[in-house]
**Q** 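Below is one structure. I have some questions about it.
In this chain, residues are counted from 1 in sequence order. Scope of the values below: all heavy atoms of this structure, side chains included, with no hydrogens, waters or symmetry mates. In listed order, ligands and their atoms are each counted from 1.
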Amino acid sequence: MNASQPSQSDVVEVRDLVVRYGAATALDSVSLRVAPGEMVALVGPNGAGKSTLVNTLTGILTPASGSVVVRARIAQVPEGRQMFGDLTVDDNLRLGAWQLPGRGKSRRKQRDTSWVYELLPDLVRVRDRKAGGLSGGQQQMVAVGRALMSRPEVLVIDELSLGLAPLVVADLAEHLAELNREQGTAVVLIEQNARLALELCSRAYVLEAGRIAAEGSSADLAASPDIARAYLGEAQGLPSPADAQNAPGPDAPRADGPGPDAPGPDDRATADPALTPGTAKTAPGNQDTAVQAAQAATREAK
Ligand SMILES: Nc1ncnc2c1ncn2[C@@H]1O[C@H](COP(=O)(O)OP(=O)(O)OP(=O)(O)O)[C@@H](O)[C@H]1O
């Protein structure tokens with residue numbers, strides 16, 4: 001099957017989606033698909049509509065028109081993590097299973113967090129600590145673990161790297177890749193660090209001003225000079241290994257409150273490349289510079 005073609009087996013299928021906030025159109029004619037076990041990135045600048053899109057996928061927002069079909073259990077790691085700061089890590093994780101329907105023994109099994117600690121072993125030593133006092137990276141792991149507790153077949157992550165030091169992001173990225181490999185969980189990753197997103201995911205959509213400006217395999221998009229210029233420029237380039245080792249990052253444990261959320265200049269990762277070949281397609285978009293760059297890139301990639 002051609003990976004770029006929609007199929008009945010897709011776990012997520014979005015067609016011609018329009019989402020508005022009052023009179024303002026945040027998403028305009030957006031179409032997207034995710035196959036079972038696929039890792040798909042959504043990249044684009046601030047305000048492009050990425051969060052609006054995933055919030056519509058998970059039912060938080062209602063579309064004005066178009067269709068969203070989700071054929072699998074879906075869970076979201078929200079932007080900003082949204083910990084229950086006064087609850088322990090373990091309680092935060094267990095809350096992730098609250099919607100599962102089991103009773104008695106099966107309920108106890110659903111609330112068993114041990115498999116999440118196996119997947120995210122860094123959480124073991126903080127399992128009885130209040131989540132509000134953890135570092136940003138630890139909180140992000142709790143947020144991922146909490147979402148996993150609902151046994152999703154599709155995991156949606158809004159900003160994996162936000163406010164985290166490069167080595168922490170690289171660690172999280174490796175956990176995600178492992179989850180995808182070993183459990184077949186599909187991942188939809190919103191990520192402002194386009195390089196990280198393209199390295200981690202096999203396919204990507206570039207969102208600009210509420211429209212899909214480009215889509216295709218990560219390899220094709222990353223190989224395009226125009227995409228590189230618009231999204232992978234020097235300012236977003238990977239740190240050298242020495243930079244990554246030396247970067248202190250904002251991830252030091254905190255005495256209180258949530259971890260830092262502001263992205264810093266070193267919020268970049270060193271994930272292993274996971275690029276596969278494919279075909280990029282162009283959608284009609286608006287005419288600002290980045291869109292033109294993205295469209296030029298997809299023409300090249302064809
Ligand atoms: N609750 C809201 N009310 C009105 N407009 C909103 C609301 N939320 C988002 N918007 C607008 O919708 C557009 C898309 O926002 P969205 O948050 O989806 O973008 P984004 O790509 O996720 O941005 P970022 O990377 O900064 O998180 C923006 O113009 C934004 O200002």
**Q** Side chains of Gln76 and Asn55: do they bring a donor and an acceptor to under 3.5 Å?
**A**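 The answer is yes; a qualifying pair exists.
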**Q** So if I count the atoms of ligand 1 from 1 in the order they appear, which ones are less than 4.0 Å from some heavy atom of Ser51?
**A**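 With Ser51 as reference, the close atoms of ligand 1 come out as 17 (O), 18 (O), 20 (P), 22 (O), 27 (O).
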**Q** I need the nearest protein heavy-atom contact for atom 27 (O) of ligand 1: residue, atom name and distance, please.
**A**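 Its nearest protein heavy-atom neighbour is Glu79 OE2, 3.6 Å.
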**Q** For ligand 1, which part of Pro45 has a heavy atom less than 4.0 Å away: the side chain, the backbone, both, or neither?
**A**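 Within the 4.0 Å criterion, Pro45 contacts ligand 1 through backbone atoms alone.
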**Q** If you compare all heavy atoms of Ala64 against all heavy atoms of Arg20, which two are closest, and at what distance to 0.1 Å?
**A**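 Closest approach of Ala64 to Arg20, heavy atoms only: CB-NH1, 3.6 Å.
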**Q** Looking at Ala48, which atoms of ligand 1 are within less than 4.0 Å of one of its heavy atoms?
**A**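 Numbered from 1, ligand 1 contributes 19 (O), 20 (P), 21 (O).
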**Q** Name the one of Val14, Ile74, Val156, Val12 that satisfies side chain to side chain contact (heavy atoms under 4.5 Å, CB included) with Val34?
**A**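 In the set Val14, Ile74, Val156, Val12, the residue that makes a side chain to side chain contact (heavy atoms under 4.5 Å, CB included) with Val34 is Val12.
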**Q** Tell me whether Val124 is reachable from Met141 by hopping between hydrophobic residues (I, L, V, M, F, W, Y) whose side-chain heavy atoms are closer than 4.5 Å.
**A**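 Yes, same cluster.
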**Q** Any protein heavy atom sitting closer than 4.0 Å to atom 23 (O) of ligand 1?
**A**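 Given the 4.0 Å cut-off, atom 23 (O) of ligand 1 counts as touching protein heavy atoms.
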**Q** At less than 4.0 angstrom from any non-hydrogen atom of Gln192, what atoms of ligand 1 do you find?
**A**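 Counting from 1, the qualifying ligand atoms are 24 (P), 25 (O), 26 (O).
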**Q** Just to check, does Gly44 reach to within less than 4.0 Å of ligand 1 when the distance is taken from its heavy atoms?
**A**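 No, that is not the case, since the closest heavy atom of the residue is not under 4.0 Å from the ligand.
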**Q** With respect to atom 29 (O) of ligand 1, which of Ala24, Gly47, Gly22 exhibits the smallest heavy-atom separation?
**A**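 The nearest heavy atom belongs to Gly47.
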**Q** For ligand 1, which atoms have a heavy atom of Thr52 less than 4.0 angstrom away?
**A**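 Listed by number with element, the hits are 14 (C), 15 (O), 16 (P), 18 (O).
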**Q** Considering only protein heavy atoms, which is closest to atom 26 (O) of ligand 1, and at what distance to one decimal place?
**A**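 Atom 26 (O) of ligand 1 sits closest to the protein heavy atom Asn46 ND2, 2.8 Å.
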**Q** Is there a path of hydrophobic side-chain contacts, each under 4.5 Å between heavy atoms of I/L/V/M/F/W/Y residues, joining Val69 to Val18?
**A**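 No; tracing contacts between hydrophobic side chains, which count when under 4.5 Å, never links both residues.
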**Q** Identify, for atom 19 (O) of ligand 1, the protein heavy atom at the shortest distance, and state residue, atom and that distance.
**A**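 Sorting protein heavy atoms by distance from atom 19 (O) of ligand 1 puts Gly49 N, 3.1 Å first.
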**Q** Could you report the tightest heavy-atom contact between Val19 and Pro63, atom names first, then the distance?
**A**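 Shortest heavy-atom contact: CG2-CA, 4.1 Å.
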**Q** Membership question, hydrophobic clusters at under 4.5 Å side-chain separation (ILVMFWY): are Tyr117 and Leu119 in the same one?
**A**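 Yes, same cluster.
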**Q** Could you verify whether a donor N or O on one side chain and an acceptor N or O on the other, from Asp90 and Thr113, lie under 3.5 Å apart?
**A**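 Judged by distance alone, the side chains do pair up.
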**Q** Name the closest protein heavy atom to atom 12 (O) of ligand 1, giving the residue it belongs to and the distance to 0.1 Å.
**A**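 Result for atom 12 (O) of ligand 1: Tyr21 CE1, 3.4 Å.
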